[in-house]
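The structure under discussion appears below in the form of structure tokens.
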Amino acid sequence: MSAELLHKKSIFLHRSTLVDTTKTLLLLAAIIWLLILGSQRLGYNWQWYRIPQYLWTVTDRGFTWGPLMEGLGVTFRITGISLVFMMGIGLTTALMRMSTSWAAQGVARGYMELIRNTPLLIQIFFMYFVIAPILDISAFRSAVIALSLFEGAYASEIFRAGITSIDKGQWEAAKSLGMGPYAMYRYIILPQAVRRVLPPLTSQAVSLVKDSALVSTIAILDLTQRGRMIDAETFLTFEIWFTVAAIYLAVTLALSGVVRLLERRFNGLRV
Amino acid sequence: MKTLRHLAIATLFILLAAGFGCSQQPPEQKTEKNGPAVAAESGSQLDAILKRGTIRVGFDTFKPWAMKDKNGEYIGFEIEVARRLAKDMGVKVEFVPTKWSGIIPALLTGKFDIIVGGMSVTPQRNLKVNFSLPYEYSGMSIVASKKLAAGRSSINDFNNPATTIAVRLGTTAAEAAKNFLPKAKILFFDEESQTIQELLNERVHAVVASNPLPLSLSKEYADQLFLPLKDDFTREPIAFAVKKGDLDFLNWLNNWVRVTMSKGWLQNRYEYWFFTNDWENQIQ
């Protein structure tokens with residue numbers, strides 16, 4: 001009886017996979033068909049062959065990266081540094097909000113509400129056109145500061161959720177062992193919390209990569225700004241923006257992939 | 001059963017999307033492959049405009065080429081040129097304000113029929129659109145900060161790695177800055193106002209822009225800014241831009257420029273908008 005059921009189930013699974021695949025392929029084909037139809041209707045003159053030179057060139061003197069790839073390098077630098085600051089600011093703010101000092105709580109709360117309820121673009125402009133001239137900060141640094149402050153506010157809520165989700169017994173156990181707050185967070189609470197906050201934190205890191213496109217508005221030569229400049233010179237609008245979007249997609253997918261590996265490792269440790 | 005329903009819904013959705021896609025199709029457009037030939041056979045954009053009774057004009061606001069007056073109406077040199085063009089064609093004019101960086105894609109995708117926007121002819125732009133004969137010329141100039149660039153009086157004084165220049169992205173000012181100041185550090189901003197802000201904040205030495213903006217800036221902020229060069233350092237042809245492959249429309253525009261120029265009307269209007277301040281009270 002049970003074997004028969006299993007057999008039936010496997011056939012069913014098999015069939016549904018087939019149907020699923022067919023449906024997906026059909027849908028994809030339909031979307032691609034619509035895209036081709038649309039671009040034909042527009043009468044747009046596609047010139048994809050002009051794109052690779054902006055990614056890389058191979059000459060007699062050897063291989064050189066094109067402007068888009070140089071821009072990607074700047075994007076990596078900005079997001080890399082901001083990511084570290086985002087974690088630091090996020091964790092600090094979360095701990096401040098959970099501390100017993102009302103002043104620390106107030107500061108953390110005020111920062112979080114102020115940043116979370118104003119647009120990032122305005123914050124970047126404010127940092128670059130108002131704060132930076134006074135303190136004489138470079139464009140690159142003001143971009144990093146604005147981005148890490150913005151993403152840090154979101155990260156702090158993620159950290160706070162992760163920490164409060166740890167079972168009350170864990171806190172009590174730590175205290176009953178005579179641990180101080182530092183040891184308690186370091187050895188008991190955070191290792192468990194990090195595992196839980198990893199998925200939402202990944203979303204935040206992906207957001208960071210995408211939000212970094214906004215720093216192009218203060219004349220930083222990141223991937224988006226390079227794309228805008230090439231677009232302005234050549235008017236290969238659709239080709240350039242599809243390419244830039246694909247590069248961002250590749251980067252964020254790679255990032256998610258790396259975190260998935262990390263997660264698997266953490267989950268392995270749990271056993 | 002469920003699968004069937006899903007399939008039916010998916011099919012319906014695709015049909016709907018396709019139907020919507022088709023309804024978006026402007027009737028006069030052709031695929032690029034056989035575009036020119038078909039366009040010549042079955043009427044050009046010119047016929048489409050005459051049939052519609054309206055010419056749609058794409059432009060962006062640049063003082064004094066095109067700007068808004070106190071009542072929210074568009075005025076300026078380009079606006080007057082576009083109105084005259086429409087009048088001579090015997091159709092109404094519809095203005096479609098468009099951000100400068102997206103103006104050529106908007107033309108190519110049929111948001112309007114023609115760009116009358118003080119657009120300089122460049123070989124790169126010409127690969128994507130067709131230009132008429134030039135109906136005017138514009139020149140690039142430099143406006144510099146008194147504090148950072150005092151005493152500089154030639155273009156070469158700005159061509160060194162220690163100098164920072166701000167320009168508006170996608171303008172010929174950006175190209176001129178790259179060509180004439182290859183050694184300087186150039187910052188590209190989206191809006192003219194941001195370049196001016198940078199200059200007033202004393203974070204860049206100078207702004208390159210087409211006249212008369214540098215001139216009017218140096219007057220407005222006389223204690224902070226000055227004009228290092230006496231004359232414009234480029235002279236760029238300004239022309240109408242239309243889609244590629246429409247010879248009839250281009251021929252009409254070229255001859256319109258010849259006729260209007262020979263009557264002296266273009267020069268007269270250019271002098272009114274660029275060298276007098278008679279229109280200032282319309283915008284303030």
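Each chain gets a letter, A, B and so on, in the order the sequences are listed, and its residues count up from 1. Quantities reported herein were computed from a predicted structural model and do not represent experimental measurements.
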Checklist entry - So what's closer than 4.5 Å to chain B heavy atoms on D20(A): side chain, backbone, both or neither? => result neither
Next on the checklist: Can you tell me which portion of F238(A) sits under 4.5 Å from chain B's heavy atoms? Options are side chain, backbone, both or neither.
Outcome noted: side chain
Next on the checklist: Quick check on the interface: out of S216(A), P133(A), A139(A), who has the most heavy-atom pairs with chain B under 4.5 Å?
Outcome noted: P133(A)
Checklist entry - What residue in E191(B), E202(B), Q197(B), E198(B) has the most heavy-atom pairs under 4.5 Å with chain A? => result E198(B)
Next on the checklist: So which residue, Q124(B), K128(B), E175(B), ends up with the most heavy-atom pairs under 4.5 Å with chain A?
Outcome noted: K128(B)
Next on the checklist: For I220(A), which atoms come within 4.5 Å of any heavy atom of chain B: side chain, backbone, both, or neither?
Outcome noted: neither
Checklist outcome for this item: Cut-off 4.5 Å, heavy atoms of chain B, and the answer for T234(A) is both
Next on the checklist: For Y248(A) and T224(A), which I'm curious about, is there any donor-acceptor pair between the side chains at under 3.5 Å?
Outcome noted: yes
Next on the checklist: Any heavy-atom pair between the side chains of W100(B) and R168(B) that's under 4.5 Å?
Outcome noted: yes
Checklist entry - So, are R226(A) and E70(A) salt-bridged, with charged N and O less than 4.0 Å apart? => result yes
Checklist outcome for this item: Paired with M119(B), the side chain to side chain contact (heavy atoms under 4.5 Å, CB included) test is passed by just one of I103(B), I238(B), D60(B), namely I103(B)
Checklist entry - Donor-acceptor pair, K243(B) side chain versus Q45(B) backbone, under 3.5 Å? => result no
Checklist entry - Of the non-hydrogen atoms in A66(B) and F59(B), which two are nearest, and what is the gap between them? => result CB-CD1, 3.7 Å
